[in-house]
Participant: 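Following this message is one structure expressed as structure tokens.
No experiment lies behind these values; they were computed from the predicted model shown. No hydrogens, no waters, no symmetry mates; every other heavy atom, side chains included, goes into these values. Numbers restart at 1 for each chain; the letters A, B, ... are given by sequence-line order, proteins then strands.
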Protein chains: 4
Amino acid sequence: MRRVAAPVIDPRRGSSVMVRGQGHVMTRQLTQRGRERRAQLLDIAARQFAEGGYHPTSVAEIVEAAGVGKGVFYWYFESKEALFTEILRDANISLRRRQQAALGNEPDPIRRLELGILATMHWYHEHRYVFNLFQFAQSETEFAAILVESQETSLNDAMRHVKEAMAEGRIRDGDPLFLTQAVIGTTGHLARRFIFDRDDDPDEVAQMASAFILHGLMAQPASVS
Amino acid sequence: MRRVAAPVIDPRRGSSVMVRGQGHVMTRQLTQRGRERRAQLLDIAARQFAEGGYHPTSVAEIVEAAGVGKGVFYWYFESKEALFTEILRDANISLRRRQQAALGNEPDPIRRLELGILATMHWYHEHRYVFNLFQFAQSETEFAAILVESQETSLNDAMRHVKEAMAEGRIRDGDPLFLTQAVIGTTGHLARRFIFDRDDDPDEVAQMASAFILHGLMAQPASVS
Amino acid sequence: MRRVAAPVIDPRRGSSVMVRGQGHVMTRQLTQRGRERRAQLLDIAARQFAEGGYHPTSVAEIVEAAGVGKGVFYWYFESKEALFTEILRDANISLRRRQQAALGNEPDPIRRLELGILATMHWYHEHRYVFNLFQFAQSETEFAAILVESQETSLNDAMRHVKEAMAEGRIRDGDPLFLTQAVIGTTGHLARRFIFDRDDDPDEVAQMASAFILHGLMAQPASVS
Amino acid sequence: MRRVAAPVIDPRRGSSVMVRGQGHVMTRQLTQRGRERRAQLLDIAARQFAEGGYHPTSVAEIVEAAGVGKGVFYWYFESKEALFTEILRDANISLRRRQQAALGNEPDPIRRLELGILATMHWYHEHRYVFNLFQFAQSETEFAAILVESQETSLNDAMRHVKEAMAEGRIRDGDPLFLTQAVIGTTGHLARRFIFDRDDDPDEVAQMASAFILHGLMAQPASVS
DNA sequence: GATGAATGAGGTTTCATTCAT
DNA sequence: TATGAATGAAACCTCATTCAT
């Protein structure tokens, strides 16, 4: 990690936790202090998972980094797995919030795509450690399912822009899902390679990515062969 | 895994192994039978890692699936990690071989890109389980390094086509590395989503991917705004 | 537990507690409310120990069921072990009280045995959950000692009847302790099997138990009175 | 434990083990050495559970007593619980075997009961530590079920004798199950009190127990044969 | 070459108990 | 009195690796 990244956790969220009370799940009310501790653990864990991998990072390492006893972890989280799941969900919520904020009331769907790509690059730039978490999550069935579910809303947002643009004849006809996935995949991979690996300027990466993606989507392209 | 995928291992390769014997590393010569057993273990392990994850899959499970004792594993591989590293390398060699074979003597660089995308989709279709392996490998530093190294040659192949096309004025000017990464990232993500997740027809996916990518690369696009 | 059983705790008892405060043991005076809370905890704990076992039942579960914080537990009890010890003592006191009440001034020792068996069956019927507590307590040295000590008085009561009956020539000569243990053992096991396991009618079980205890298996028994 | 008791495990039994092989249960073949080690662990564990209780005795203590590493335990047993279950089953098999051997071809059902009681007392005398195991097992639902199931055969054996004797008019009419349970309960409790607690002579205990069971407490019993 | 057995550090999780508020 | 938070030892169990046979 070349520079400290902003946490993805909103400490005001989550004033209560789900815990196991002998067989049935109950909700535990947390004090202000409790909420802060919980957010701290989420943040520390996210960074350690990103740095060292989910499996290789032990609960012991997490609590040690937080400077608390081992029991604290299980006071706030049902399991290591539940913690990771929550990190994934929180990250996606944070990313989508940023994308939404960036769109404002922009009426042009193509412009909305551009703004979304720009917001995404900036968010990744600030939360660079999340790359590895998503990457890993994709690789194990249970977590991949969480990811898909968490990203569904963002996917639909983007697909809406694509459909609108298509209806306006601004972009080529085609399967909207396929095109949207192309947009997302390209954005993600370029972010990984140029923002995460090389720490390039997010504005520049976004601009180049937009160029590639928009030409890819455009109607009336130059003839291919 | 919806259907049985072809192994990525060439059993003729690897007629000797590096192993630890009495403290120092030594090279072991393998018989024909030995080479087959080794290839079998690589194949079984690859599938199990893909299905259940690298860390969650234990050496015990691998040897059990192979129907051999635990000692056999360490007869052929230095460690679980070395085994995985080898799987990654082998997979990339296999993929590149397929891409190379597809290009033939095609003189047109743009056509070479198209053929490469098509070959890639077909290869992923046949080795679908490899997706998870690559995805996971990206997420842990040590394995990510292996991946980057293994994929460097393929990357340079593709970049050569891009540069040539650019020199011929067939595609837009721009950072060739950036454009090549865009091509690769888009191809990979679309393969993941449509070939792995949905088992779509690789020819169709390749065709749609090529359309998106080539328009993205093209010179003289339709005006954006 | 098929039906709610009566608590074995007398909330009027125990107006003060022994607890550890600053390193030394001190006696704490309890208010009326305090005594009730204490009795409530004893009762809840007894049922949970019976249902789920002493060791598997955690203090956390007990206080959760009582709807109080964890500190409360240690305000009223020195430890989980002390709590269980007290449950055992209370249960035996309650049982003996019932047995005593049943005897009245009955002059016939044999009749007294019968009345004792009947009272015991009824008590077990009302406090069915106690079976598991006694059973468990027998199995761990420290608790077994508490049981033996708590049951000594009841044992001596019963043995007095046996000795009197023997002196009157009403029952066979023999080791009074042995015969008394036989009476107790038979009563206990039959209660377990027919009252706890099958929820049979305590009057019927008592009657059949008395017949067995007095006459054994043989046909043509000596007339009872 | 005042004296060393004979193990209840037959090391020739059990040439294979059930173990978990990732989700599904598989059977593992054991070598002669493996079978001995397994029997040793069963025996050591049984004694330690009896002495210190099932829950308080840790797997660490068991393997330490056996002088082996912790992994060995899980090589031979699926879990601590599975081990205990097996101890319970083995003990009941051993007890029943002894009872059966004692009966020979004895035609008289009453005599068979007597011989059964005698064999039981001797078996308990040799396997005294089993008392606590049974006692504890009774107290937790899951293990109690195992006990009931394991003892069903012995119960039916004894009930057959009771029914025969009843058919011959040798013992009183009554519910055969009730009477059989009375026999078993009395025998068990007396064994516990006089053989386990006091280390009395099993022959004497058996004789007094038989007298009580056959005649009850009454003087002038009906003649036995 | 191959096997079953063994190792033991280390993993996740639980829990009796204490303490600051 | 009472609470939520914290502790940390210790529980059960896993697993990469080694080894005797």
Participant: Please give, in whole Å, the distance from F:dG4 C1' to A:Phe73 CZ?
Facilitator: 19 Å

Participant: How close or far is atom C1' of E:dT18 from atom CZ of C:Phe77, stated in whole angstroms?
Facilitator: 18 Å

Participant: Roughly how many Å is it from CZ in C:Phe84 to P in E:dA16, rounded to a whole number?
Facilitator: 14 Å

Participant: Between F:dA6 atom C1' and A:Trp75 atom CH2, what is the distance in whole Å?
Facilitator: 9 Å

Participant: So A:Tyr76 and A:Leu42, do their side chains get closer than 4.5 Å, heavy atoms only?
Facilitator: no

Participant: Check the distance between E:dG4's P and D:Arg35's CZ and give it to me in whole angstrom.
Facilitator: 14 Å

Participant: Rounded off to whole Å, could you give me the CD-to-C1' distance for the D:Glu64 and E:dT7 pair?
Facilitator: 15 Å

Participant: Reading 5' to 3' and counting Watson-Crick or G-U wobble pairs with both distances under 3.5 Å, write the dot-bracket notation for DNA chain E, | for bases paired outside the strand.
Facilitator: .||||||||||||||||||||

Participant: For a 4.5 angstrom cut-off between non-hydrogen side-chain atoms, does D:Phe49 reach D:Ile62?
Facilitator: yes

Participant: In terms of the nearest nucleotide of DNA chain E, which residue is placed more toward the 5' end: D:Val68 or C:Lys70?
Facilitator: D:Val68

Participant: In terms of side-chain heavy atoms of B:Tyr74, which of E:dT18, F:dA16, E:dA9 is nearest?
Facilitator: F:dA16

Participant: Where the side chain of D:Tyr76 is concerned, which of E:dA5, F:dA2, F:dC13 is the nearest nucleotide?
Facilitator: E:dA5

Participant: Using the P atom as the reference point in each nucleotide, state the distance between F:dT21 and E:dG1 in Å, no decimals.
Facilitator: 23 Å

Participant: Under 4.5 Å between any side-chain heavy atoms of D:Arg38 and D:Trp75, yes or no?
Facilitator: no

Participant: Do the ring centers of A:Phe136 and A:Phe84 come within less than 6.0 Å of each other?
Facilitator: yes

Participant: Any heavy-atom pair between the side chains of D:Leu41 and D:Val72 that's under 4.5 Å?
Facilitator: yes

Participant: Report the residue (B:Gly71 or C:Glu81) whose heavy-atom-nearest nucleotide on DNA chain E is the more 5′ of the two.
Facilitator: B:Gly71

Participant: Taking only N and O in the side chain of A:Thr31, is any of them less than 4.0 Å away from OP1 or OP2 of F:dT3?
Facilitator: no

Participant: Can you tell me if D:Lys80 touches the phosphate of F:dC12, counting only side-chain N or O atoms and a distance under 4.0 Å to OP1 or OP2?
Facilitator: yes

Participant: Among E:dA9, E:dA16, E:dT3, which is the nearest nucleotide to the side chain of B:Val72?
Facilitator: E:dT3

Participant: Under 4.0 Å, counting only non-hydrogen atoms across every strand here, what does B:Gly34 touch: a base, just sugar-phosphate, or nothing?
Facilitator: sugar-phosphate

Participant: Taking only heavy atoms on the protein side, list every residue of residues 52-63 of chain D lying under 4.0 Å from any atom of DNA chain F, sorted numerically.
Facilitator: D:Thr57, D:Ser58, D:Val59

Participant: Taking side chain as C-beta onward, heavy atoms only, is A:Phe143 less than 4.5 Å from A:Tyr54?
Facilitator: yes

Participant: Who are the side-chain contact (heavy atoms from CB on, under 4.5 Å) partners of B:Glu142, not counting sequence neighbours?
Facilitator: B:Glu81, B:Glu140

Participant: How close or far is atom P of E:dA2 from atom CZ of B:Arg38, stated in whole angstroms?
Facilitator: 14 Å

Participant: With a 4.5 Å heavy-atom cut-off, do C:Phe77 and C:Thr85 have their side chains touching?
Facilitator: no

Participant: Is B:Glu61 reaching over with its side chain to a backbone N or O of B:Ser58, donor-acceptor style, under 3.5 angstrom?
Facilitator: yes

Participant: Using whole Å, report how far CZ of B:Arg33 lies from C1' of E:dG1.
Facilitator: 8 Å

Participant: Can you confirm whether the side chains of B:Glu36 and B:Gln40 place a donor and an acceptor under 3.5 Å from each other?
Facilitator: no

